[in-house]
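What follows is one structure encoded as structure tokens, with my remarks underneath.
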Number of protein chains: 2
Amino acid sequence: MKPKDGKKVTAIYDATVALIGEVGLAGLRMSAIAEKAKLASGTLYIYFESKEHLLNALYSKIMMEGTIQLLPNITHLPVKKQLYVIWESVIRFRYGRNDEMIFLDQFRYSPMISEENSKLTEKFISHVEKMLDSGKEEMIVKELDNHFLIPLLYGYANDLSRYLVVRNVALTEEVITRSFGICWDAIKA
Amino acid sequence: MKPKDGKKVTAIYDATVALIGEVGLAGLRMSAIAEKAKLASGTLYIYFESKEHLLNALYSKIMMEGTIQLLPNITHLPVKKQLYVIWESVIRFRYGRNDEMIFLDQFRYSPMISEENSKLTEKFISHVEKMLDSGKEEMIVKELDNHFLIPLLYGYANDLSRYLVVRNVALTEEVITRSFGICWDAIKA
DNA sequence: TTTATTGGTGAATAAATATTCATTTACTAT
DNA sequence: ATAGTAAATGAATATTTATTCACCAATAAA
């Protein structure tokens, strides 16, 4: 028998993501995905049951790569250093993969998203919450509810990376250090 | 002759916005808008030429109310105070009208958005940039490129208000003061 | 080689959805 | 009152778009 071509799934994902960046989720067509991935439209249905399944699979993949997998095992490091490491990887990821981010933002509110996928942010957030809490115990982070601090980190990372991409600003080491410095000034005790 | 009913446009806008919050832009149907607004679907076309026109009109309206019109004439006040006033009104607006914000975020990347509408953020941003620049001159704001500072303010406001809505946290005076304090710590010299 | 099996194709079909339009209703001016 | 006009309706139509399927191609095992 003929085996499935592993590269095709990647090609489909890549095409989908690129199209979302061009026309948004509302403008996304299966035919356009097939064309961009250089496949017949029927081939999409060999790899995915439906548009909905394809998009849910893609969502889950990006969420893993963009959040969960960015959490290294560094609980032994000082809180500030832990935050920096995560800041750097999050910014780099979002900067390099802006279209994916647009997709996540739009798919989250679409009626296609599965039960399971809509819970996927929690794990990442609770990890950051734990970090902030131990920072508060050590008296180096402001004694404030996490609902003040989390959106700062999350929202800033989000918007900063998008802003840099849109304005064609290169993501240098310095940009990362500076932006982290700003965050740290905001949350340090 | 029978005059157009002014309230219908509002009803259509309200229905559209509510639906976006429920099913996102990708799930938005003209028939659903009509039903929620308690109109026949044909009536939508008396008030708007097409779905695209309806959504562009709505986008422009929300952008005006949510950004441009929030800029009061307060250039005589100290920079920190100016920022606080704008911070407060932006947070209140976004908190109270979360569905509108979801719409803005999604429509911005859709193929339906008009040339004109895609430029609408600029005016607001350049106003804030001017404020930050005069803050730098007065040496009370960090001497950093605005592309570090703008996303902090914009992204934090965005995410904070969404986070509070989703987690059902009330928007008290204290929340506004505290969050502004965090911002100010981040950007002050 | 040959055969069996699955991948791949894209035109055809089915389903979903925006838009139209013949008709009715409500309002204004005369 | 009544006529004239435009709003309002919603079933019918047009359009768009996801999905299927009859057929062909490639690969692996026999």
Side-chain angles (χ1 to χ4, degrees), chain A residues 1-60 103 106-107 109-114 117, chain B residues 1-60 103 106-107 109-114 117:
Chain A
M1 81 172 195
K2 187 177 172 183
K4 284 193 191 179
D5 180 353
K7 286 177 187 166
K8 289 219 168 62
V9 170
T10 311
I12 292 170
Y13 284 156
D14 289 350
T16 305
V17 158
L19 280 166
I20 294 273
E22 290 168 28
V23 301
L25 181 62
L28 185 70
R29 307 284 168 252
M30 291 299 266
S31 53
I33 296 174
E35 190 177 8
K36 183 156 286 213
K38 289 173 186 164
L39 298 172
S41 55
T43 307
L44 298 177
Y45 292 86
I46 292 168
Y47 292 87
F48 299 96
E49 194 175 324
S50 68
K51 185 180 185 182
E52 195 165 325
H53 280 84
L54 158 51
L55 295 180
N56 272 293
L58 178 57
Y59 183 87
S60 140
F103 169 64
Q106 302 204 356
F107 192 65
Y109 291 103
S110 93
M112 291 180 194
I113 193 168
S114 70
N117 270 337
Chain B
M1 82 171 195
K2 186 177 173 182
K4 283 192 190 177
D5 180 352
K7 286 176 187 166
K8 289 218 169 62
V9 171
T10 310
I12 292 170
Y13 284 156
D14 289 349
T16 305
V17 158
L19 279 167
I20 294 274
E22 290 167 27
V23 300
L25 181 62
L28 185 70
R29 308 285 168 251
M30 291 299 265
S31 54
I33 296 174
E35 189 178 9
K36 183 157 286 213
K38 288 173 187 165
L39 299 172
S41 56
T43 308
L44 297 177
Y45 292 85
I46 291 168
Y47 292 87
F48 299 96
E49 197 175 319
S50 67
K51 185 181 185 182
E52 193 166 329
H53 280 85
L54 158 51
L55 295 180
N56 271 292
L58 178 57
Y59 183 87
S60 143
F103 170 63
Q106 303 204 354
F107 193 65
Y109 291 102
S110 95
M112 289 181 194
I113 193 168
S114 69
N117 270 338

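The chains referred to below are lettered A, B, ... by the order of the sequence lines, with proteins before strands, and numbering in each begins at 1. Because only heavy atoms are used, hydrogens play no part in the values below, and waters and symmetry mates are left out as well, while side chains stay in. Quick caveat: nothing in here was measured; it's all calculated off a predicted structure.
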> Distance check: side-chain N/O of B/Lys51 vs OP1/OP2 of C/dT17, anything under 4.0 Å?
Replying inline: no

> Under a 4.5 Å cut-off applied to non-hydrogen side-chain atoms, are A/Lys51 and A/Met112 in contact?
Replying inline: yes

> Does A/Ser31 have a side-chain nitrogen or oxygen under 4.0 Å from the phosphate oxygens OP1 or OP2 of D/dT17?
Replying inline: no

> Roughly, in whole Å, what's the span from NZ in A/Lys38 to P in C/dG8?
Replying inline: 16 Å

>> Looking at every heavy atom in both B/Ser50 and B/Tyr45, which two are closest together, and how far apart are they?
In response: CA-CE2, 3.9 Å

> For A/Tyr47, which contact category applies under a 4.0 Å heavy-atom criterion: base, sugar-phosphate, or nothing?
Replying inline: sugar-phosphate

> Please give, in whole Å, the distance from D/dT19 C1' to A/Glu52 CD?
Replying inline: 14 Å

> Over how many whole Å does the gap from B/Met30 atom CE to D/dT9 atom P extend?
Replying inline: 14 Å

> Counting side-chain heavy atoms from CB outward, which of C/dT9, D/dA18, C/dG10 is closest to A/Ser41?
Replying inline: C/dG10

> Rounding to a whole Å, what distance do you find between A/Glu35:CD and D/dT17:C1'?
Replying inline: 14 Å

> Mind checking whether B/Tyr47 and B/Leu54 have side chains closer than 4.5 Å, heavy atoms only?
Replying inline: no

>> Please pick, from D/dA8, C/dT9, C/dT19, the nucleotide with the shortest atom-to-atom distance to any side-chain atom of A/Leu39.
In response: C/dT9

> How many Å lie between OH on B/Tyr45 and P on D/dA14, as a whole number?
Replying inline: 16 Å

> Counting any heavy atom closer than 4.0 Å, what does B/Leu44 reach on the DNA or RNA strands: base, sugar-phosphate only, or nothing?
Replying inline: nothing

>> Side chain of B/Ser50 only, heavy atoms from C-beta on: which candidate in C/dT19, C/dT9, D/dA18 is closest?
In response: C/dT19

> Could you give the CG-to-C1' distance, from B/Leu28 to C/dA18, as a whole number of Å?
Replying inline: 12 Å

>> Looking only at the side chain of A/Ala40 (C-beta and beyond, no hydrogens), which of the listed nucleotides C/dT19, C/dG10, D/dT9 gets closest?
In response: C/dG10

> Could you give the CD-to-C1' distance, from B/Glu49 to C/dA18, as a whole number of Å?
Replying inline: 14 Å

>> Tell me whether B/Glu22 at atom CD has more than 12 heavy atoms from other residues, nucleotides or ligands lying less than 6.0 Å away.
In response: yes

> Among C/dT17, D/dA7, C/dT9, which is the nearest nucleotide to the side chain of B/Ile46?
Replying inline: D/dA7

>> Under 4.0 Å, counting only non-hydrogen atoms across every strand here, what does B/Ile33 touch: a base, just sugar-phosphate, or nothing?
In response: nothing

> Taking atom C1' of D/dA25 as reference, at what distance in whole Å does atom NZ of A/Lys8 sit?
Replying inline: 12 Å

> Do B/Phe103 and B/Tyr13 have their ring centres less than 6.0 Å from each other?
Replying inline: no

